[in-house]
Enquirer: 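Structure provided below as structure tokens; questions to follow.
As the structure is a prediction and not an experimental result, all values here were calculated from the model.
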Amino acid sequence: MKNVCKKNVLTYWLLALVCACVFTACSSVTEAGDGATLYPDASHVFSFKLYPNDMAVNDSAAAHLARGIKLIVHPKASYKLSFDVDSTQPAPELQLFRTFELNDGSRKSGLSRVRVLSPTVVGNRYVYEFNCQENEMSIWLTSLGVDGKYYEGQVKNVSFTGVGSYSDHFSINLVVVGAIEPTKDSVSVDSLSRMMLDLFREKYYGVTIDTLYVRYANDHPTFGSKYPSGRPWVAGRSSEDLFIKELAGWPEEETRNSLTIMLVHSIVDDGVMGCARLFSGDMGEGQGSVVVGTHVRSSTKIEHLTSETIVLTAIHETGHFFGLRHTSTTKRDLKQYDEDLDGSLVLIGDWSNLEDGLTDTPFCDYILKSGLYKSADESEILEIGGDVIYWESLKYLAKSSIYSCPDIENIMFPVTVDDNYDIYFTNQQMELIRSTLMILPH
């Protein structure tokens, strides 16, 4: 039996806003008075963000809401932003701004106000509701004010929820990049793909996976020549783009809006088996892909992985893609880099997010207290963005208390044990996956 240790950087997306922002039309109607515009604080670092239906505490985002945080919004979805009433202060007005690229050669972004909202009081909470017709995923910034000044009240127990109208079905497009040999247990790509479809359908029981397509990067009608079939592909080294985004959204109609899983030889950082962005937010063409290696690299050797390890890695990383955090937080989870509006990298972290916020996923504090998942500033993956999976030796794990953790059989536990098909998603995890899927255009 072998062990696969999964270390979640949770750096979210280290993408330039110019790549993630959308300039498409949105209704100009405002739901409150057309008073003075209260822009997000220009001296403020816009590092914290809220993702729809994330159940984590997100205290840092709450504390910075008035002066500006990022909200991730998607086409045709309805949203509610809410927090507790502070009876010592007047009810604040929420202003929302779309980011857009400045065509001046810089990496900076401009802002355009798209919403002005007054709250409804429900129970003891302020509730702001909006529904905007974007064409693609967008990043909006916030400000919260009273009479043209930033709100001075306390923002506690913040919640950002979204309801989408898209299908709870999806397909998978497994894109084979470069030379791929059979797995350590002699499983071919075709057999691996069938195993992957069967296990995805079993574990993702609350949604429907229609089919799994297999495509080879060298056959891509536009970019195929860049991905020769005879050369092993090392994600993050063979090209600067770790997630190989140009191969996401295959041009064929049936695969264009599928979940893309890139199957590569290996990933650039030592010990990394797979990578995905938390709440990736985009299926098909765009930023949405999961990257999985058939080998794991180290400073001294390259380890060949079994078919089960590869598939379980893909299942775990796809959980992050749909918005699931680790059930037990690692030190890497709490150390995040993000990109400010001027393109600079900012080291951030939210120590309130020690748990995923779901009541049916137990928490193991040993993971955080142990040195098993260290935060590594030198990691190239940290600078690119994404959750990563790390390989650790059985000899090391056998000496730890990891096997006493109550969430060890959960798919989003940071350690997955080979030959254990009994790992599972809880009902709340599956509902979050389903709600995220129905928000994403596909």
Enquirer: Could you measure the distance from the CD1 atom of I310 to the CD1 atom of I315? Nearest 0.5 Å is fine.
Expert: 12.5 Å
Enquirer: Rounded at 0.5 Å granularity, tell me how far NE2 in H304 sits from OG1 in T309.
Expert: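 Result: 11.0 Å between the selected atoms.
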Enquirer: Please report the interatomic distance OG1(T436) to NE2(H74), rounded to the nearest 0.5 Å.
Expert: 8.5 Å
Enquirer: Take D190 and S188 through the side-chain hydrogen bond (donor to acceptor under 3.5 Å, both in side chains) test and state the conclusion after the steps.
Expert: CA-CA 5 Å; D190 286 344; S188 67; 5.4 Å; no
Enquirer: If you define the side chain from C-beta out and look only at heavy atoms, does anything of L50 sit under 4.5 Å from I69?
Expert: yes
Enquirer: Return the orientation label for the W250 and H220 ring planes: parallel under 30°, perpendicular over 60°, tilted otherwise.
Expert: perpendicular
Enquirer: Consider only side-chain N and O atoms of D185 and S307, and report whether a donor and an acceptor are under 3.5 Å apart.
Expert: yes
Enquirer: Sequence neighbours left out, what passes salt bridge (Lys or Arg N to Asp or Glu O under 4.0 Å) with E254? Give chain and number order.
Expert: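 For E254, the residues satisfying salt bridge (Lys or Arg N to Asp or Glu O under 4.0 Å) (neighbours in sequence not counted) are R215.
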Enquirer: Sequence neighbours left out, what passes salt bridge (Lys or Arg N to Asp or Glu O under 4.0 Å) with D360? Give chain and number order.
Expert: none
Enquirer: Identify the heavy atoms of L247 and F223 that sit nearest to each other, and give their distance.
Expert: CD2-CB, 4.3 Å
Enquirer: Got a donor-acceptor contact below 3.5 angstrom from the H64 side chain to the S60 backbone?
Expert: yes
Enquirer: Run the side-chain hydrogen bond (donor to acceptor under 3.5 Å, both in side chains) test on T359 and Q428 for me, step by step, so that the C-alpha distance in whole Å, both residues' side-chain angles and the decisive distance to 0.1 Å come before the verdict.
Expert: CA-CA 8 Å; T359 60; Q428 289 182 27; 2.5 Å; yes
Enquirer: Would you check, one step at a time, whether the test side-chain hydrogen bond (donor to acceptor under 3.5 Å, both in side chains) holds for D84 with N124?
Expert: CA-CA 6 Å; D84 291 348; N124 193 43; 5.6 Å; no
Enquirer: Looking at CZ of R194 and CG of D198, how far apart are the two atoms once the value is rounded to the nearest 0.5 Å?
Expert: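 Interatomic distance, R194 CZ to D198 CG, rounded to 0.5 Å: 9.0 Å.
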Enquirer: Under 4.5 Å between any side-chain heavy atoms of V264 and T294, yes or no?
Expert: no
Enquirer: Let me see the working for K184 and L305 under side chain to side chain contact (heavy atoms under 4.5 Å, CB included), right down to the final yes or no.
Expert: CA-CA 5 Å; K184 185 176 182 178; L305 302 177; 5.8 Å; no
Enquirer: Does this structure show an ion pair linking E303 with R297, if we count only N-O contacts that are shorter than 4.0 Å?
Expert: no
Enquirer: Do E431 and N53 have side-chain atoms, one donor and one acceptor, less than 3.5 Å apart?
Expert: no
Enquirer: Check the side chains of D407 and S328 for a donor-acceptor pair under 3.5 angstrom, ignoring hydrogens and angles.
Expert: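 S328 vs D407: donor-acceptor pair found between side chains.
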Enquirer: Indicate the atoms forming the closest heavy-atom contact of V158 with L81, along with that distance.
Expert: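 Scanning both residues completely, I find the closest heavy atoms to be CG2-CD1, 3.9 Å.
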Enquirer: Measure from the side-chain N and O atoms of T208 to the backbone N and O of H169, and report whether any donor-acceptor pair falls under 3.5 Å.
Expert: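 Flag not set: sc T208 to bb H169 has no pair under 3.5 Å.
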Enquirer: Any heavy-atom pair between the side chains of Y166 and K76 that's under 4.5 Å?
Expert: yes
Enquirer: Does the pair N173 and I261 meet the rule for a side chain to side chain contact (heavy atoms under 4.5 Å, CB included), with working shown?
Expert: CA-CA 6 Å; N173 191 27; I261 298 179; over 6 Å; no
Enquirer: Of all heavy-atom pairs between F46 and R67, which one has the smallest distance, and what is that distance?
Expert: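 Here F46 and R67 meet closest at CE2-O, 3.6 Å.
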Enquirer: Strictly distance-based, threshold 3.5 Å: is any side-chain N or O of T426 a donor or acceptor partner for the main-chain N or O of Q429?
Expert: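 At least one qualifying donor-acceptor pair exists.
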Enquirer: Given the side-chain rings of F170 and F322, with only the six-membered ring counted for Trp, is the space between their centroids under 6.0 Å?
Expert: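 Distance test on ring centres: under 6.0 Å, yes.
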Enquirer: Measure the acute angle between the ring planes of Y51 and F279, then classify it against the limits of 30° and 60° as parallel, tilted or perpendicular.
Expert: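 If you compare the ring of Y51 with that of F279, the planes turn out parallel.
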Enquirer: Can you confirm whether or not the ring centre of W140 sits under 6.0 Å from the ring centre of F97?
Expert: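 No: the rings miss the under 6.0 Å criterion.
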Enquirer: Is there a side-chain contact between V73 and Y79 (heavy atoms, below 4.5 Å)?
Expert: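 Result yes, sub-4.5 Å side-chain heavy-atom pair found.
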Enquirer: Which is it for E93 and Q95 under the side-chain hydrogen bond (donor to acceptor under 3.5 Å, both in side chains) test, yes or no, and what are the steps along the way?
Expert: CA-CA 7 Å; E93 180 181 82; Q95 298 192 22; 3.2 Å; yes
Enquirer: If only atom types and distance count, is the side chain of R115 paired as donor or acceptor with the main-chain N or O of N131 below 3.5 Å?
Expert: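 A pair under 3.5 Å: yes.
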Enquirer: On a heavy-atom basis, which atom in L96 and which in T142 lie closest, and how many Å separate them?
Expert: CD2-CG2, 3.9 Å
Enquirer: Side chain of E317, backbone of A314: donor and acceptor closer than 3.5 Å?
Expert: no
Enquirer: Nearest 0.5 Å please: distance from the CD1 atom of I244 over to the NZ atom of K226.
Expert: 10.5 Å
Enquirer: Atom CG of L144 and atom OH of Y128: how far apart are they, to the nearest 0.5 Å?
Expert: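 Reported to 0.5 Å precision, the distance equals 5.0 Å.
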Enquirer: Given E181 and H295, is the side chain to side chain contact (heavy atoms under 4.5 Å, CB included) satisfied, shown in steps?
Expert: CA-CA 10 Å; E181 59 189 278; H295 296 71; 3.8 Å; yes
Enquirer: Hey, is the main chain of A235 close enough, under 3.5 Å, to the side chain of S238 for a donor-acceptor pair?
Expert: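 No; zero donor-acceptor contacts below 3.5 Å.
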Enquirer: Which residue pairs satisfy the ring pair (Phe, Tyr, Trp, His ring centres under 6.0 Å) criterion with at least one member in residues 423-442, sequence neighbours excluded?
Expert: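 Output for this query lists Y204-F425.
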Enquirer: Side-chain contact test, heavy atoms from C-beta onward, threshold under 4.5 Å: evaluate it for I180 versus L263 and give yes or no.
Expert: yes
Enquirer: Could you tell me whether the side chain of N353 and the main chain of N58 form a donor-acceptor pair under 3.5 Å?
Expert: yes
Enquirer: Under the side chain to side chain contact (heavy atoms under 4.5 Å, CB included) rule, what do F243 and C275 come out as? Steps first, then yes or no, please.
Expert: CA-CA 8 Å; F243 294 99; C275 189; 3.6 Å; yes
Enquirer: Are any of the side-chain heavy atoms of M430 and K203 separated by less than 4.5 Å?
Expert: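 When only atoms from C-beta onward are counted, K203 and M430 do not touch, as no gap falls below 4.5 Å.
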Enquirer: What's the shortest heavy-atom distance between P40 and Y150, and which atoms?
Expert: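 P40 and Y150 have their closest heavy atoms at C-OH, 3.4 Å.
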Enquirer: Can D356 and R325 be counted as an ion pair, charged N to O under 4.0 angstrom?
Expert: no
Enquirer: Near M55 CE, under 6.0 Å, is it more than 12 heavy atoms from other residues, nucleotides or ligands?
Expert: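 12 or below, so no.
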Enquirer: Quiz question: by atom type and distance under 3.5 Å, do the side chains of D41 and S43 form a donor-acceptor pair?
Expert: yes
Enquirer: For F321 and S289, which heavy atoms make the closest approach, and how far apart are they?
Expert: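 Smallest interatomic distance, heavy atoms only, reads CE1-N, 4.0 Å.
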Enquirer: Do the side chains of T260 and M283 get nearer than 4.5 Å, heavy atoms only?
Expert: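 The answer is no; the side chains never approach within 4.5 Å.
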Enquirer: Looking at Q89, I'd like to know if its CD atom is crowded, meaning that more than 12 non-hydrogen atoms belonging to other residues, nucleotides or ligands lie closer than 6.0 Å.
Expert: yes
Enquirer: Are side-chain heavy atoms of L65 and F83 found at a separation under 4.5 Å?
Expert: yes
